[in-house]
Amino acid sequence: RILAFYLHEMEVGRLYQATGHGSTAVTNVASVESHELGPVSDDETVTVEAAANLIVSKSAVSYTDVDENGILSPGDSVQYAVSWANNGNAAATGVSLSDDPDEIGIENIVDVSDLGLYDGDVITWDLGQVEPGESGTFTYTAELYGAGGFLDGETPVDNTVVLASNETAPATDSETVTVSANTMIAVDKSVGATTDVDGDGQLSPGDIVSYSVTVTNTSNADATGVTISDNPDDAYVGSIGSISDGGTYDGATIEWSLGTIATGSSATVTYSVTLASAGSFVHGSTLVTNTATADSTETGAVTDGANVTVV
């Protein structure tokens with residue numbers, strides 16, 4: 001007696017790679033045949049689920065410290081890496097990777113790898129069909145805005161990457177770096193021209209002294225609400241005149257409100273002092289001191305003085 005057993009449709013023990021996305025019915029037919037009996041068969045159908053599974057991750061891998069201050073600050077460059085993979089068991093088609101840099105903090109994009117295209121708004125890579133298990137990493141460099149491009153303090157710069165395909169929902173990841181800007185101002189007060197009213201060839205009571213005060217933004221962030229105050233030595237001042245730039249004098253202090261001074265910029269104000277009459281000075285030489293103070297919303301006050309000797 002001979003008993004024959006046949007399997008149809010699929011070879012026993014063989015694994016098949018999914019060729020499409022979704023559910024696929026796989027049917028197996030078994031047949032038994034003998035000399036006495038005709039063929040007897042039965043079948044079994046199983047459903048195989050196949051799906052692409054796209055994942056993406058983004059990281060800031062390094063930065064170029066252009067100003068060598070040891071922190072990420074205006075004018076530096078950030079190097080980003082974007083890694084992607086298909087961890088599913090089916091191919092993904094029409095795959096594209098897009099990265100949207102934060103134009104608020106990023107001035108330019110350079111060194112885009114793997115034929116990525118930057119249109120001034122979004123970086124795009126066209127991956128086409130991505131097979132199961134396929135992966136890769138793309139890179140690019142973001143150049144931050146320079147001095148004046150960030151407010152004083154810490155500013156987050158966000159970037160989001162999106163990996164999309166015909167079969168899957170978009171996969172996203174974001175990376176945030178913090179840019180530090182620090183407003184600093186300096187003030188310089190100096191003696192300008194003098195008027196020798198009595199013609200004695202030296203600075204003496206009743207003569208006129210001109211002063212100038214310059215405040216400079218020496219930092220990488222704008223200074224706002226900038227003010228200058230100057231406190232002349234009242235004991236030896238006859239009068240204050242020629243106050244520039246809308247400054248006001250209340251009998252004790254001269255005040256200027258200068259608003260915003262951009263990074264790298266400066267502002268200068270001037271005024272003149274008519275020295276008091278001879279009776280206000282003791283015999284010999286008298287040192288007349290004047291101190292100017294500059295301040296801003298972001299900084300502490302800074303001072304500088306300019307002195308003259310009255311004979």
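Just so it is clear, the model here is predicted, and its values are computed rather than measured.
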Any link between Met184 and Ile228 through a network of hydrophobic side chains (Ile, Leu, Val, Met, Phe, Trp, Tyr) touching at under 4.5 Å? no

Looking only at heavy atoms, what is the nearest atom pair of Trp256 and Thr270, with distance? CZ2-O, 3.9 Å

Apply side-chain contact (heavy atoms from CB on, under 4.5 Å) to Ala60 and list each qualifying residue two or more places apart in sequence or on a separate chain. Val78, Tyr80, Glu175, Val177

Which residues share a side-chain contact (heavy atoms from CB on, under 4.5 Å) with Thr183, sequence neighbours left out: Asp152, Ser219, Ala221, Ala223, Glu298, Thr299

Taking salt bridge (Lys or Arg N to Asp or Glu O under 4.0 Å) as the test, write out the residues that go with Asp222, two or more places apart. none

Under a 3.5 Å distance rule, please check whether Ser62 uses its side chain to pair with a backbone N or O of Gln79 as donor and acceptor. no

Asn86 side chain vs Asn53 backbone, donor-acceptor pair below 3.5 Å: yes

Please determine whether side-chain contact (heavy atoms from CB on, under 4.5 Å) holds for the pair Leu203 and Val209, giving the CA-CA distance in whole Å, both sets of side-chain angles, and the decisive distance to 0.1 Å. CA-CA 9 Å; Leu203 190 62; Val209 182; 3.8 Å; yes

State yes or no: do Val82 and Tyr118 share one hydrophobic cluster built from I, L, V, M, F, W and Y residues joined by side-chain heavy-atom distances below 4.5 Å, directly or via other members? yes

Less than 3.5 Å apart, any donor N or O on the side chain of Ser83 or Thr137 sitting next to an acceptor on the other? yes

With sequence neighbours excluded, tell me which residues meet ring pair (Phe, Tyr, Trp, His ring centres under 6.0 Å) with Tyr145. none

Identify each donor-acceptor pair in which a side-chain atom of residues 68-77 lies under 3.5 Å from a protein atom, sequence neighbours left out, and give them as a table.
| residue | atom | partner | partner atom | Å |
| --- | --- | --- | --- | --- |
| Asn69 | OD1 | Ile71 | N | 3.2 |
| Asn69 | OD1 | Ser73 | OG | 3.4 |
| Asn69 | ND2 | Asp67 | OD2 | 3.4 |
| Asn69 | ND2 | Ser73 | OG | 3.1 |
| Ser73 | OG | Asp67 | OD1 | 3.3 |
| Ser73 | OG | Asp67 | OD2 | 2.7 |
| Ser73 | OG | Asp76 | OD2 | 3.3 |
| Asp76 | OD1 | Val66 | N | 2.8 |
| Asp76 | OD2 | Ser73 | N | 2.9 |

Sequence-distant partners of Phe281, ring pair (Phe, Tyr, Trp, His ring centres under 6.0 Å), two or more places apart: Tyr236

Keeping Asp196 on the side-chain end and Asp207 on the backbone end, is there a donor-acceptor pair under 3.5 Å? no

Nearest heavy-atom contact between Asp173 and Ser57 is OD2-CA, 3.3 Å

For Glu255 and Thr248, test the side chains for any donor-to-acceptor distance below 3.5 angstrom and give the result as yes or no. no

If I compare all heavy atoms of Ser280 with all of Ala235, which pair ends up nearest, and what's the gap? CB-O, 4.0 Å

Could you identify which residues cluster with Leu287, counting Ile, Leu, Val, Met, Phe, Trp and Tyr as linked when any side-chain heavy atoms lie under 4.5 Å apart, either directly or through a chain of such contacts? none

Do Ile240 and Tyr211 share a hydrophobic cluster (ILVMFWY, side-chain heavy atoms under 4.5 Å, transitive)? yes

Which pairs would a plain distance check flag for residues 301-311, meaning a side-chain donor or acceptor within less than 3.5 Å of a matching protein atom at least two apart in sequence or in another chain?
| residue | atom | partner | partner atom | Å |
| --- | --- | --- | --- | --- |
| Asp304 | OD2 | Lys189 | N | 2.8 |

Can you tell me which residue pairs pass the salt bridge (Lys or Arg N to Asp or Glu O under 4.0 Å) test with a partner in residues 93-103, sequence neighbours excluded? Lys58-Asp99

Check ring pair (Phe, Tyr, Trp, His ring centres under 6.0 Å) between Trp125 and all other residues, then give those that pass, not counting sequence neighbours. Phe138

In chain order, what residues pass the side-chain contact (heavy atoms from CB on, under 4.5 Å) check against Thr93, with sequence neighbours excluded? Gln129, Asn166, Glu167

Cluster check Tyr271, Tyr249: I/L/V/M/F/W/Y, side chain < 4.5 angstrom: yes

Please answer whether the main-chain N or O of Ala51 pairs with a side-chain N or O of Asn89 as donor and acceptor at a distance below 3.5 Å. yes

Quickly, which of Val226, Val269, Thr227 forms a side chain to side chain contact (heavy atoms under 4.5 Å, CB included) with Val215? Name it, please. Val226

Between the side chains of Thr263 and Asn217, is a donor N or O closer than 3.5 angstrom to an acceptor N or O? no

Please list, one pair per line, the donor and acceptor atoms closer than 3.5 Å that link side chains of residues 106-117 to other protein atoms, with sequence neighbours excluded.
| residue | atom | partner | partner atom | Å |
| --- | --- | --- | --- | --- |
| Ser113 | OG | Thr139 | N | 2.9 |
| Ser113 | OG | Thr139 | O | 3.3 |

